[in-house]
Protein chains: 2
Amino acid sequence: MPRTKKPPYQACPVARAAAIMADRWSVLIVRDAFDGLRRFGEFQKSLGIARNILADRLHTLVETGILTMEPASDGSAYQDYVLTPKGEALFPVVVGFRQWAEQHLFQSGEPHSQLIERKTGRPVRKMAPSTRDGRVLGPQDAFVRKLPS
Amino acid sequence: MPRTKKPPYQACPVARAAAIMADRWSVLIVRDAFDGLRRFGEFQKSLGIARNILADRLHTLVETGILTMEPASDGSAYQDYVLTPKGEALFPVVVGFRQWAEQHLFQSGEPHSQLIERKTGRPVRKMAPSTRDGRVLGPQDAFVRKLPS
DNA sequence: GCGATCCAGTTGCAAAATGAAACCAGTTTA
DNA sequence: TAAACTGGTTTCATTTTGCAACTGGATCGC
């Protein structure tokens with residue numbers, strides 16, 4: 001049971017998020033969780049990940065409060081891994097990856113997917129940081145303000 | 001010169017993005033690049049990363065078209081690592097990480113930062129996937145449509 | 001009820017990635 | 001021109017990953 005080591009304290013939010021979520025398997029597990037997967041075996045089959053690594057990542061995600069274990073919804077004695085609210089709040093991050101990739105990681109002509117609103121069937125808008133009144137902000141338009149404790 | 005291995009072909013955009021950017025150091029390098037860092041030594045000092053790993057990541061980011069090497073802006077014979085448009089397009093991803101962490105990775109009472117619009121001094125709005133007419137979408141409100149090639 | 005199968009891991013081991021430190025060749029500074 | 005700085009590369013030890021075999025409880029078929 002040697003589990004992968006906890007990273008040290010980080011003041012920067014991006015660093016803290018990265019310490020938890022900047023891992024290939026973790027983001028794919030969360031993606032699959034958004035797609036409704038819940039069981040160890042479902043994740044394993046979907047990802048082709050080694051079982052020990054999957055066990056490690058699932059436990060880490062549970063430890064960090066992104067997933068929670070609950071009795072399987074099919075009534076069996078097994079467990080489901082389900083997103084917590086904190087885990088669901090990663091939706092924008094996953095969508096961010098998706099939209100960036102769709103725009104920049106596919107050759108033109110290569111088949112690519114699109115995120116669609118279920119209710120209307122219309123494509124989801126490209127996400128971007130913006131002001132409260134809707135102006136889109138680029139990297140130069142914003143800076144980080146450290147708040148006093 | 002053994003460089004870290006290229007991941008295999010991925011159909012899912014999230015997986016493709018993760019293969020490149022779901023790496024602790026790569027996201028921190030890009031974050032620092034958004035903050036204006038450009039030189040090998042600047043990144044090394046800011047991140048405390050081992051030099052060989054930094055060299056590897058910088059080259060990978062250049063290879064994938066996120067950074068580009070250009071003659072140093074200070075006129076010296078050295079090189080700058082600068083974000084390309086493809087790299088700048090990662091802004092929403094980095095902001096996504098930041099906003100998620102600020103909301104879910106800091107104890108209440110713990111000092112945390114905030115993203116501010118430079119021009120108005122007002123906080124940047126929380127990013128979320130939404131429709132073209134501005135309704136916010138949760139994980140259940142959207143699905144992926146595979147487009148025909 | 002009982003053997004076969006399935007599920008969710010764990011263990012052992014080899015290969016790969018990471019990290020620290022020393023080293024090095026060009027560049028700039030004094 | 002010597003000293004220091006920059007941007008790496010090399011070496012080596014430690015950590016993480018990945019594969020495959022193993023395990024033990026749950027479930028299924030009969």
Side-chain angles (χ1 to χ4, degrees), chain A residues 1-10 15 18-29 32-33 36-64 67-82, chain B residues 1-10 15 18-29 32-33 36-64 67-82:
Chain A
M1 73 183 54
R3 294 274 309 296
T4 143
K5 194 187 66 182
K6 244 176 246 197
Y9 171 85
Q10 298 285 357
I20 296 176
M21 285 303 299
D23 167 82
R24 193 164 118 68
W25 293 125
S26 298
V27 350
L28 296 181
I29 288 167
D32 276 1
L37 304 204
R38 346 181 99 223
R39 291 285 282 267
F40 186 95
E42 291 180 315
F43 290 112
Q44 203 279 321
K45 200 167 102 181
S46 161
L47 300 175
I49 183 179
R51 307 169 100 67
N52 55 341
I53 305 299
L54 177 57
D56 177 280
R57 293 303 191 278
L58 286 174
H59 286 134
T60 300
L61 289 171
V62 167
E63 237 167 46
T64 54
L67 295 178
T68 187
M69 292 171 78
E70 55 177 59
S73 57
D74 63 1
S76 75
Y78 300 113
Q79 299 279 321
D80 276 356
Y81 293 90
V82 181
Chain B
M1 73 182 59
R3 294 273 310 294
T4 144
K5 195 187 68 184
K6 247 179 243 196
Y9 172 83
Q10 298 287 358
I20 297 176
M21 284 303 297
D23 167 82
R24 192 165 120 65
W25 293 126
S26 298
V27 351
L28 296 181
I29 288 167
D32 276 0
L37 304 204
R38 344 181 101 222
R39 292 285 282 265
F40 186 94
E42 292 180 314
F43 290 112
Q44 204 278 321
K45 199 166 103 180
S46 160
L47 299 175
I49 183 178
R51 307 170 102 69
N52 53 341
I53 305 298
L54 178 57
D56 176 282
R57 294 303 190 278
L58 287 175
H59 286 136
T60 300
L61 290 171
V62 167
E63 238 168 44
T64 54
L67 295 178
T68 188
M69 291 172 80
E70 54 178 59
S73 58
D74 63 1
S76 74
Y78 300 114
Q79 298 280 318
D80 277 354
Y81 293 92
V82 181

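Just so we're on the same page: letters track the sequence lines, and every chain starts at 1. As the structure is a computational prediction, the values presented were derived from the model and not from experiment.
The CG atom of A:D56 sits 13 Å away from the P atom of C:dT11 (whole-angstrom rounding). Between B:F43 atom CZ and D:dG8 atom P the separation is 12 Å, expressed in whole Å. With rounding to whole Å, B:Q79 atom CD is found 8 Å from D:dG8 atom P. The distance from atom CG of A:D74 to atom P of C:dA8 is 9 Å, rounded to the nearest whole Å. As rounded to whole Å, 14 Å separates atom P of D:dT17 from atom CG of A:L58. Rounded to whole Å, atom C1' of C:dG19 lies 11 Å from atom CZ of B:R57.
At D:dG24, none of the side-chain N or O atoms of A:Y78 fall inside 4.0 Å of OP1 or OP2 (strictly under the cut-off). Remark: A:W25 is not in phosphate contact with D:dT17, judged by side-chain N or O atoms under 4.0 Å from OP1 or OP2.
With values rounded to the nearest 0.5 angstrom, B:L37 atom CG is found 8.0 Å from B:L47 atom CG.
Under 4.0 Å is where a charged nitrogen must lie from a carboxylate oxygen, and between A:D23 and B:R24 no such pair does.
Among the nucleotides C:dT18, C:dG9, D:dG8, the one closest to the side chain of A:F40 is C:dG9. The side chain of A:R39 approaches C:dC7 more closely than any other nucleotide in the set C:dC7, D:dG8, C:dT18. The A:I53 side chain lies nearest to D:dG18 when the options are D:dG18, D:dA26, D:dC5. Nearest nucleotide to the side chain of A:A55, out of C:dA20, C:dG9, C:dT28: C:dG9.
A:D80 places a side-chain N or O within 3.5 Å of a backbone atom of A:S73 that can act as its donor or acceptor partner.
Among the heavy atoms of the strands lying under 4.0 Å from A:Y81 are primed sugar atoms or P, OP1, OP2 only; no base atom is included.
Below the 3.5 angstrom threshold, one finds no donor paired with an acceptor across the side chain of B:R51 and the base of C:dA21. Remark: the A:N52 side chain and the D:dG18 base include a donor-acceptor N/O pair separated by less than 3.5 Å.
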